[in-house]
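Down below is the structure, laid out as structure tokens.
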Amino acid sequence: MKFGLACAVLILASVACSPGGGGSATGYRVETVATGLEVPWAIAFLPNGDMLITERPGRVRLYTNGQLQAQPVFTLADTQVSSEGGLMGICLHPNFATDHYVYLAYSSATDAGYDRIVRYSYLNSQLTGETLILSGIPAAQFHAGCRIKFGPDGKLYITTGEATEKNLAQDLGSLGGKILRVNDDGSVPSDNPFVGQQGARGEIWCYGNRNPQGIAWQPNTNTLWEAEHGPSGGDAPDGGDEVNIIEKGKNYGWPTIHHTQTAAGMESPLLEYTPAIAPSAAMFYIGTRLPQFDGNFFFTRLKGQGLQRVTVSGSNVIDQETILSDYGRVREVIQGPDGAIYFTTSNRDGRGSPTADDDRILRIVPIK
């Protein structure tokens, strides 16, 4: 693989860069969209282009008319904040334009030690009418998960960490250390791989995952790609962060195998990173506003800092590079309806070195 660092030249409030790794002469710049947030974990774009943003302490913020609103549109009082836990994922129902449903993933104070997925109605800049979608997801101070996204099949996918109890990842009776797949109301789809299997939770789509936090579907193929945190501390040698192609019912090995190890009946990663870079969110870019990125897989780097850009052809990795490492810890990345790539810093999460403006939402746009 080939690695390169994109250039960074400060020009007023923007950073102008010329991406490496792809050979394109077309450059881009980075614009600051919003400042003064506290660990913005995830973003959901509304149909009108506004953003709903989760902050880990339990707040949902609104960006509208070019401004981050000073007051949250919603505060989830039940949020248990402890290091990596708190308010995390957010996504809209595929039929949001008619049903107005917004989904949140968070660590619950009421249901201590567990994450929950809940649904609200969003009308008139307010979230109302909580409905519990799924509970009983193991959570802890570390490895709490929890990314949520609707797939091309209309099902809700949920990433879960093993909450530092590594053997949960191989336990089909637990929701921890898995990727889950449920219907929009939390019920179990009949075509999930472990439906009807004694001792197994029907919500499970795949298992043997340590702490997955990035999922994205590849355009045209609808293949699910995933980024997850590898071992650290006493579990195994540092590193072993992974990118996997996720398939129904497969076992991704943790804790039996890690790094590039192999074992019968278990999947080794497509990409592995040592030392650790701590991947979080993931996306595929599709569009013409940044044509040099069309079809590329991106994921964020917390410990490694910046964005990882991976050029792929089908399931084959052609090239990769680290870009935008000057912003510190990067947690969320998502394509906006305007064709820009939006990302967030996470420098106020207790592990970064925040600037006066952190945490921020930024976006990658073409150089005009």
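When a residue number appears, it is its place in the shown sequence, counting from 1.
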Next on the checklist: Please check: side-chain N/O of Asp359 versus main-chain N/O of Glu38, any donor-acceptor pairing under 3.5 Å?
Outcome noted: no
Item to check | Side chain proximity check, Gln218 to Phe297, heavy atoms < 4.5 angstrom | outcome: no
Item to check | Side-chain heavy atoms of Asn244 within contact of Pro269, under 4.5 Å | outcome: yes
Next on the checklist: Check for me whether the distance between the ring centres of Tyr327 and Phe343 falls short of 6.0 Å.
Outcome noted: yes
Next on the checklist: For Ala34 versus Leu68, what's the shortest heavy-atom pair and its separation?
Outcome noted: CB-CB, 4.1 Å
Item to check | Closest heavy-atom pair and its distance - Thr288, Tyr285 | outcome: N-OH, 4.4 Å
Checklist entry - Rounded to the nearest 0.5 Å, what separation is found between the OG1 atom of Thr64 and the CG atom of Leu52? => result 10.0 Å
Checklist entry - Which pair of non-hydrogen atoms, one from Leu37 and one from Ile53, has the smallest distance, and what is that distance? => result CD2-CG2, 4.1 Å
Checklist entry - When you look at CD of Gln69, are more than 12 heavy atoms from neighbouring residues, nucleotides or ligands closer to it than 6.0 Å? => result yes
Checklist entry - Looking at Phe96 versus Phe150, is the centre-to-centre ring distance below 6.0 Å? => result no
Next on the checklist: Between Asp358 and Thr345, do the side chains contain a donor N or O and an acceptor N or O under 3.5 Å apart?
Outcome noted: yes
Next on the checklist: Counting only heavy atoms not in Asn65 (residues, nucleotides, ligands), do more than 12 fall under 6.0 Å from its CG?
Outcome noted: no
Next on the checklist: Is it true that Arg351 and Ser346 share a donor-acceptor pair across their side chains at a distance under 3.5 Å?
Outcome noted: no
Checklist entry - Would you say Asn220 has more than 12 foreign heavy atoms packed within less than 6.0 Å of its CG? => result no
Next on the checklist: Is the ring pair Tyr157/Trp205 parallel, tilted or perpendicular, if the boundaries are 30 and 60 degrees?
Outcome noted: perpendicular
Item to check | Student check: side-chain heavy atoms of Asn192 and Lys155 closer than 4.5 Å | outcome: no
Checklist entry - With no hydrogens and no angle check, do the side chains of Glu272 and Thr274 hold a donor and an acceptor under 3.5 Å apart? => result yes
Checklist entry - With distance as the sole criterion, is a donor-acceptor pair present between the side chains of Asn251 and Gln170 under 3.5 Å? => result yes
Next on the checklist: Please tell me whether Asn183 and Asp185 have a donor and an acceptor in their side chains that are separated by less than 3.5 angstrom.
Outcome noted: no
Checklist entry - Short question: side chain of Arg360, backbone of Gly36 - any donor-acceptor pair under 3.5 Å? => result no
Checklist entry - Can we call the ring centroids of Trp225 and Phe299 under 6.0 Å apart? => result no
